Participant: 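One structure is given below, represented as structure tokens, and several questions about it will come after.
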Protein chains: 2
Amino acid sequence: MTSKQEFIEKLRNSSLRPTKQRINICEVLFNRDKTFHFTINDLFNLIKDKTGEKVSLATVYNTVHAFLKKGYLKEIPINSNQTYFDTNVTDHHHFFDVNEEKLIDIKNEDVGPIEIQKSIPGKKIKSVEVLVKLED
Amino acid sequence: MTSKQEFIEKLRNSSLRPTKQRINICEVLFNRDKTFHFTINDLFNLIKDKTGEKVSLATVYNTVHAFLKKGYLKEIPINSNQTYFDTNVTDHHHFFDVNEEKLIDIKNEDVGPIEIQKSIPGKKIKSVEVLVKLED
DNA sequence: ACAAGAAATTAGAATAATTATAATATTAAA
DNA sequence: TTTAATATTATAATTATTCTAATTTCTTGT
Ligand SMILES: [Mn+2]
Ligand SMILES: [Mn+2]
Ligand SMILES: [Zn+2]
Ligand SMILES: [Zn+2]
């Protein structure tokens, strides 16, 4: 349970102006116990449902991208018609249920260490992600 | 170096009619030594370049999807504006160079075994893919 | 070889996610 | 309070992909 004030401070500290819209988006995204996987459309609808206030689709896109750049969200690579985002920005892995189109976290301790015995000269590793596709 | 005749037989055996367009697409996709990672647009342009014959974009989409369903191609999950496909349909992993927007195979022997110590009731594992993002 | 039916190709339209635009409103700082 | 910077918004533009429906090609049986 994070307070509105904390969101305002977090936004200010990130040089993002704490607008009503951004605070509402923070409430929906970060005021929860578990990690949250979502599409822009999911988020757009939840804002109306949970806060009762409408935020324009453009602002949802803008804010999600701003939060991505600040490192408060991350993008999950899956092939879907919509892009998936994650409030869990730590290095972790996923199940993707292809029937339900839902992402599920796999905790790091549930995956053995991943050893990559190959490297590309002049390039460094940015991230290592495992995606486990599930079906019925 | 695979011959045209072999492509024709392969198509017939898959109950896909060996049209001129499909054979050309086969030449571009499968007549190579190394694995080939591509987008629809890459392929569309290569067909013209390599065979001198034009194939409609709709047919490129249709054929890639047909080959996907037959298991001659696979889709690689990365977040990009375009979908990536792979002629290497074996279970394997990838580097994705985010600067050059290029996929590079990681051979299975270059990745230690991936142990997933979690399961979801009623769901079975369809695939396990590692994506290693690279940057300069 | 020919006819008939099935399947494939094609141009172009439709769809839908995302991004761009530019006018208006809000926020921060002086 | 004034002012400038920033944010929001409706709407238009862009673009990857899918759909449509007409035409063409392929296969099979005669
Ligand atoms: Mn898309
Ligand atoms: Mn995508
Ligand atoms: Zn996650
Ligand atoms: Zn590959």
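The sequence lines fix the lettering, A, B, ..., with proteins before strands; numbering per chain opens at 1. No experiment lies behind these values; they were computed from the predicted model shown.
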Participant: What class does the angle between the rings of B:Y61 and B:H65 fall in, given that below 30° is parallel, 30 to 60° is tilted and above 60° is perpendicular?
Facilitator: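 Because their plane-to-plane angle lies in the 30° to 60° range, the rings of B:Y61 and B:H65 count as tilted.
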
Participant: Detail all sub-3.5 Å separations between protein N/O atoms and N/O atoms belonging to nucleotides 23-30 of chain C.
Facilitator:
| unit_1 | atom_1 | unit_2 | atom_2 | d |
| --- | --- | --- | --- | --- |
| C:dT27 | O2 | A:R17 | NH1 | 3.1 |
| C:dA28 | OP1 | A:R12 | NE | 3.4 |
| C:dA28 | OP1 | A:R12 | NH2 | 3.3 |

Participant: Figure out the CG/C1' separation between A:D42 and C:dA16, and round it to whole Å.
Facilitator: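 Distance check: A:D42 CG to C:dA16 C1' gives 15 Å.
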
Participant: From the options C:dT9, C:dT19, D:dT18, select the nucleotide whose nearest atom is closest to the side chain of A:Y61.
Facilitator: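 In terms of side-chain proximity for A:Y61, the closest of C:dT9, C:dT19, D:dT18 is C:dT19.
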
Participant: Going by atom types only, do A:T39 and A:D42 share a side-chain donor-acceptor pair under 3.5 Å?
Facilitator: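 Per modelled atom types, A:T39 and A:D42 side chains form a pair under 3.5 Å.
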
Participant: Reckon A:T83 has a side-chain N or O less than 4.0 Å from the OP1 or OP2 of C:dT18?
Facilitator: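 Yes, within the criterion.
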
Participant: Compare the minimum distances between each of D:dT9, C:dA8, C:dT10 and the side chain of A:S56, then state the nucleotide with the smallest one.
Facilitator: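 Nearest to the side chain of A:S56 among the choices is D:dT9.
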
Participant: Using atom CG of A:N24 as one end and atom C1' of D:dT9 as the other, report the distance to the nearest whole Å.
Facilitator: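 Whole-Å distance recorded here is 15 Å.
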
Participant: Using OP1 and OP2 only, check whether a side-chain N or O of B:H65 sits under 4.0 Å from D:dT18.
Facilitator: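 Yes, such a contact exists.
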
Participant: Taking any heavy-atom pair under 4.0 Å as a contact, classify A:N41: base, sugar-phosphate, or nothing.
Facilitator: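 Nothing: the residue A:N41, judged by heavy atoms under 4.0 Å, touches no strand.
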
Participant: Given D:dT8, C:dT9, D:dT17, identify the nucleotide with an atom nearest to the side chain of B:T63.
Facilitator: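 So the nucleotide nearest the side chain must be C:dT9.
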
Participant: Does D:dT24 have OP1 or OP2 under 4.0 Å away from a side-chain N or O of B:Q21?
Facilitator: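 No, B:Q21 has no side-chain N/O under 4.0 Å of OP1/OP2 on D:dT24.
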
Participant: Rounded to the nearest angstrom, tell me the gap between atom CG in B:N13 and atom P in D:dT27.
Facilitator: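 To the nearest whole Å, that distance equals 13 Å.
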
Participant: Figure out the CG/C1' separation between B:N62 and D:dA21, and round it to whole Å.
Facilitator: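 Checked: the CG to C1' distance equals 14 Å.
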
Participant: Please determine whether the number of non-hydrogen atoms from other residues, nucleotides or ligands lying under 6.0 Å from atom NZ of A:K118 exceeds 12.
Facilitator: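 Yes, the 6.0 Å shell around NZ holds more than 12 heavy atoms from other groups.
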
Participant: Taking OH from B:Y84 and C1' from D:dT17, how many angstroms apart are they, rounded to a whole number?
Facilitator: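 Value for this atom pair: 16 Å.
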
Participant: Whole angstroms only, please: what is the CD-C1' distance between A:Q82 and D:dT17?
Facilitator: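 Whole-Å distance recorded here is 14 Å.
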
Participant: Check the pair A:H37 / A:D86 against side-chain hydrogen bond (donor to acceptor under 3.5 Å, both in side chains), numbers first and verdict last.
Facilitator: CA-CA 5 Å; A:H37 302 104; A:D86 194 336; 3.0 Å; yes

Participant: How long is the line joining CG of B:L11 and P of D:dT25, in whole Å?
Facilitator: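 Nearest whole value for this atom pair: 18 Å.
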
Participant: Ring-plane angle category for A:F30 and A:Y72, please: parallel below 30°, perpendicular beyond 60°, tilted otherwise.
Facilitator: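 Perpendicular.
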
Participant: Linking Ile, Leu, Val, Met, Phe, Trp and Tyr by side-chain heavy atoms under 4.5 Å, what else ends up with A:I125?
Facilitator: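 So far as hydrophobic clustering goes, A:I125 is joined with A:F95, A:I104, A:I106, A:V111, A:I114, A:I116, A:I120, A:V128, A:V130, A:V132, A:L134, B:F95, B:I104, B:I106, B:V111, B:I114, B:I116, B:I120, B:I125, B:V128, B:V130, B:V132, B:L134.
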
Participant: Using whole Å, report how far CG of B:N81 lies from P of D:dA13.
Facilitator: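 Distance check: B:N81 CG to D:dA13 P gives 21 Å.
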
Participant: Which residue pairs pass the salt bridge (charged side-chain N to carboxylate O under 4.0 Å, His left out) test with at least one member in residues 43-71 of chain B, sequence neighbours excluded?
Facilitator: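 Only B:K20-B:E53 qualify under salt bridge (charged side-chain N to carboxylate O under 4.0 Å, His left out).
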
Participant: When you measure from the side chain of A:L57, which nucleotide among C:dT18, C:dA17, D:dT9 comes out closest?
Facilitator: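 For A:L57, the side-chain atoms sit closest to C:dT18.
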
